[in-house]
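Counting starts at 1 for both ligands and their atoms, in listed order. All heavy atoms count here, side chains included; hydrogens, waters and symmetry mates do not.
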Amino acid sequence: MLQQDEPKQAAEYLRQAIPMLSQHNLPPTPINYSIFYSYLSGNSQTLNDVIDSIISEKKPFTLAIMLELYEKYINGGATLEQQEKIQHSLEKAMSSASEEVQQVSSGAGEFDSTINKHAETLSYTTDPQAAALVLKQVMQDTREMVKNNQATQARMQETNAEILKMKAELEAVKASSEKDALTGLKNRGAFDKAIDNVVHSETNLSATLVLLDIDHFKRVNDNFGHLVGDRVIRYVSALLTQIVGSEHHIARYGGEEFAVILTGLDIDNAKQLTEKIRIAMSNSKLQRKESGEAIGEVTISAGIATVKATDSVELLIDRADKALYQAKEAGRNKVVIAA
Ligand SMILES: Nc1nc2c(ncn2[C@@H]2O[C@H](COP(=O)(O)OP(=O)(O)OP(=O)(O)O)[C@@H](O)[C@H]2O)c(=O)[nH]1
């Protein structure tokens, strides 16, 4: 398990980890990085012993070995929260190292130009012989320094590029872990986090939870098959994204159920927006892609609940769920606001 190291210390581990990865022909993926980060920080003596013996026996660090090490020593028994901490610590380390590299890199550039200026000034000295000698020496030193600086800068830029790549990889891992595979919407895990944040938020921004469910969806599956059912789910997802917009949180809550967290809208506006979704859905003329056969009217029902100051996540979801149930009971294709 990685600790929350100080940013400077973490950045140092990062700098050391990168050459180690390339030395062992390992791509800088978050998993590979985590293992060597942990190795360098000495978090687990057992992990260090295993790695040391692999190195001393000159064995390759295969993908299988890296995954096993990760599962056993880094991720073993880690909760989601702990995994997030690791991610957070990695992100912190990387942005701190990235900043430092940028600073040193631009400093090296300045040094180059100062040396060049000195050389230029000396070339105007009045004693021609002395000036020529000094100038020759300065020019030589300057050329040497510029060369060294350029090499250092190139190395730093390489490191910086590696760090940025890792950062992007981490972000991609995070985004895909929050995504629902079928629809591309946020998944249940991401929703659980988002709704928890909204309920415990200190801001007074009004927020509303909308639960939506496709009506008689079982019939779609029964009459047209599961694949068509999946396409209908994707259709509803696309419609939600289009109407609600990316500023709000849209998630697939369960099989044919969706959850939308609307922030900054009062209950009337939230109702209007949900009605828009309901109407658009009931006006959709869905048909099978291959045969053009009509699927028939597919509608949705929705329950809306406003977040109250005294709410817990359970209470809020329970109110929205009850409103959704009432919409179903009232004949479906309805939007009901929770009492
Ligand atoms: N194709 C497909 N079907 C799913 C998926 N997840 C859940 N389902 C189906 O969704 C259906 C949900 O059915 P029910 O909960 O009985 O409700 P319903 O038929 O939608 O009817 P009401 O909600 O009462 O209007 C079940 O038949 C599930 O098998 C999925 O990912 N793809």
> For Leu67, what residues pass the side chain to side chain contact (heavy atoms under 4.5 Å, CB included) criterion, not counting sequence neighbours?
Replying inline: Ile31, Leu63
Closer than 3.5 angstrom, by distance alone: can the side chain of [X] be matched with the main-chain N or O of [Y] as a donor-acceptor pair?
X      : Y      : answer
Ser38  : Ile35  : no
Arg252 : Ala181 : no
Thr263 : Ala207 : no

>> Using a 4.0 Å cut-off on heavy atoms, what residues surround ligand 1? Order them by chain and number.
In response: Asp213, Ile214, Asp215, His216, Phe217, Lys218, Asn221, His226, Gly229, Asp230, Ile233, Arg252, Gly255, Glu256, Lys328, Arg332
> Nearest 0.5 Å, what's the NE2-CD1 distance between His200 and Ile195?
Replying inline: 10.5 Å
>> Does Phe191 form a side-chain contact (heavy atoms from CB on, under 4.5 Å) with Ile261? I'd like the steps, not just the answer.
In response: CA-CA 9 Å; Phe191 167 79; Ile261 305 169; 3.9 Å; yes
